[in-house]
**Student:** 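Could you have a look at this structure, given as structure tokens, before my questions?
Residue numbers run from 1 in the order of the sequence given.
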Amino acid sequence: DDVTVGCAVTGGTATGSGTDYTLASGTATIPAGETSTTIPFTMVNDSILESNETFTVTLSSPSHASLGSNTTYTYTITDNETASISVTPTSFSLTRGGSAGSYTVALGAAPTNTVQILLSVASELTLSTSTLTFTGVTWATPQTVTVSPRNDGSFDTMAITHTITQTVSTTITGFAALTPSPVTVT
């Protein structure tokens, strides 16, 4: 006779129903004459930077067989996203009284909470913003910073180099340890 055994997700930190994995509770069948079967599940590859997560499958109620002492199996989903911040370009030139320049900042993975990048520069330049805010919804859209020279006689492209510093403000593991490239304006 075929052997059947109940299987159900009974715990863990991962979310089922297609969020982190797909595994329907139900019955696994071991055909007569065989000693094992496979309980299929699918991992969901998302772009969210998160810690490794687990889910636990418990076997129960066998027919035509008995269960051994180990009826609970825990699986670990290892996250494959890496926190990164890209800045393009990292240098450009401006002319006093001339047109503004710009650069973009983008995240390489979706954060689980807000990531802010705080910008600062010497007073000879004006930035379109002092804070870039990325969320789990907006993370994939690069944000542009416009940089304008002050036309007050204090900005001289031939003699002065300015550095726009960028500091990450977040508690999210991975992003909190990053230092975005500075932008050099001459």
**Student:** Please assess T186 against S93 for the test side-chain hydrogen bond (donor to acceptor under 3.5 Å, both in side chains), listing each intermediate value before the final yes or no.
**Tutor:** CA-CA 5 Å; T186 56; S93 297; 2.9 Å; yes
**Student:** So if I apply the side chain to side chain contact (heavy atoms under 4.5 Å, CB included) rule between L119 and each of V145, V105, T131, which one comes out positive?
**Tutor:**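 Between L119 and the candidates, side chain to side chain contact (heavy atoms under 4.5 Å, CB included) is satisfied uniquely by V145.
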**Student:** Let me see the working for F92 and V147 under side-chain contact (heavy atoms from CB on, under 4.5 Å), right down to the final yes or no.
**Tutor:** CA-CA 10 Å; F92 57 91; V147 182; 3.8 Å; yes
**Student:** Over all heavy atoms of both residues, which pair between P62 and S66 is shortest? Give the atoms and the distance, please.
**Tutor:** CG-CA, 4.1 Å
**Student:** Verify side-chain contact (heavy atoms from CB on, under 4.5 Å) between V183 and V87, making sure each step is shown before the conclusion.
**Tutor:** CA-CA 8 Å; V183 176; V87 178; 3.6 Å; yes
**Student:** Say whether S148 and T126, considering side chains only, have a donor N or O and an acceptor N or O under 3.5 Å apart.
**Tutor:** no
**Student:** Indicate yes or no: at least one non-hydrogen side-chain atom of T161 is less than 4.5 angstrom from one of T184.
**Tutor:** yes
**Student:** Any chance you could lay out the side-chain hydrogen bond (donor to acceptor under 3.5 Å, both in side chains) test for T165 and S120, step after step, and finish with the verdict?
**Tutor:** CA-CA 5 Å; T165 58; S120 63; 2.6 Å; yes
**Student:** Within this structure, what is the CG-NE2 distance for the pair D2 and H64, rounded to the nearest 0.5 Å?
**Tutor:**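 So the gap between those two atoms works out to 8.0 Å.
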**Student:** Evaluate T88 against T104 for side-chain hydrogen bond (donor to acceptor under 3.5 Å, both in side chains), listing each step before the verdict.
**Tutor:** CA-CA 5 Å; T88 308; T104 60; 4.7 Å; no
**Student:** Under the criterion side-chain hydrogen bond (donor to acceptor under 3.5 Å, both in side chains), I'd like the reasoning laid out for T56 against T72: C-alpha separation, chi angles, the key distance, then a yes or no.
**Tutor:** CA-CA 7 Å; T56 302; T72 302; over 6 Å; no
**Student:** Cut-off 3.5 Å, side chains only: do T135 and T138 have a donor facing an acceptor?
**Tutor:**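 Distance-only check passes for T135 and T138.
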**Student:** Hey, could you give me the CD/CG distance between E81 and N45, rounded to the nearest 0.5 Å?
**Tutor:**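 Reported value, rounded in 0.5 Å steps: 6.0 Å.
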**Student:** Hey, are T76 and T54 close enough side-chain-wise for a donor-acceptor pair under 3.5 Å?
**Tutor:**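 Note: T54 and T76 side chains miss the donor-acceptor criterion.
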**Student:** Taking ILVMFWY side chains as joined if any heavy atoms are under 4.5 angstrom apart, and letting links pass through other members, which residues group with M43?
**Tutor:**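 Answer for M43: V5, V9, Y21, L23, I39, F41, F55, V57, L59, L67, Y73, Y75, I77.
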**Student:** Find the distance between CG (D20) and CG (D46) and round it off to the nearest 0.5 Å.
**Tutor:** 6.5 Å
**Student:** What distance do I164 atom CD1 and L125 atom CG have between them, rounded to the nearest 0.5 Å?
**Tutor:** 6.0 Å
**Student:** Would you say the side chains of T133 and Q116 form a donor-acceptor pair under 3.5 Å?
**Tutor:**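 Side chains of T133 and Q116: pair found under 3.5 Å.
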**Student:** Do T58 and T10 have a side chain donor and acceptor closer than 3.5 Å?
**Tutor:**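 Yes, side-chain donor-acceptor contact under 3.5 Å.
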**Student:** Under 3.5 Å, is there a donor-acceptor pair between the side chain of D79 and the main chain of E50?
**Tutor:**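 Yes; at least one donor-acceptor contact below 3.5 Å.
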**Student:** What heavy-atom pair brings A83 and L49 nearest, and what distance separates the two atoms?
**Tutor:**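 In terms of heavy atoms, the two residues are closest at CB-CD2, 3.4 Å.
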**Student:** Can you tell me how far the CD atom of Q143 sits from the OG1 atom of T129, to the nearest 0.5 Å?
**Tutor:** 8.0 Å
**Student:** Output, in order, the C-alpha distance, side-chain angles, deciding distance and verdict of side-chain contact (heavy atoms from CB on, under 4.5 Å) for I172 and V115.
**Tutor:** CA-CA 8 Å; I172 300 172; V115 173; 3.9 Å; yes
**Student:** Look at the side chain of S84 and the backbone N and O of A109, then say whether any donor-acceptor pair between them is shorter than 3.5 Å.
**Tutor:**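 Answer holds: no.
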**Student:** Would you say V44 ends up clustered with I48 if hydrophobic residues are merged whenever their side chains have heavy atoms under 4.5 Å apart, either directly or through other cluster members?
**Tutor:**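 No: no chain of side-chain contacts under 4.5 Å links I48 to V44.
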**Student:** I want to check something: taking the side chain as every heavy atom from C-beta on, are S47 and W139 in contact at a cut-off of under 4.5 Å?
**Tutor:** yes
**Student:** Return the minimal non-hydrogen interatomic distance between A14 and E53, and the atom names on each side.
**Tutor:** CB-CB, 3.8 Å
**Student:** Which pair of heavy atoms, one from A110 and one from G136, lies closest together, and at what distance?
**Tutor:** CB-O, 4.5 Å
**Student:** Rounded to the nearest 0.5 Å, what separates atom CZ in F134 from atom CD1 in I85?
**Tutor:** 7.5 Å
**Student:** When you look at I117 and T167, which way does the side-chain contact (heavy atoms from CB on, under 4.5 Å) test go after all the steps?
**Tutor:** CA-CA 5 Å; I117 300 177; T167 306; over 6 Å; no
**Student:** Which atom pair, heavy atoms only, marks the closest approach of L94 to S99?
**Tutor:**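 Of all heavy-atom pairs spanning L94 and S99, the closest is CD2-O, 3.5 Å.
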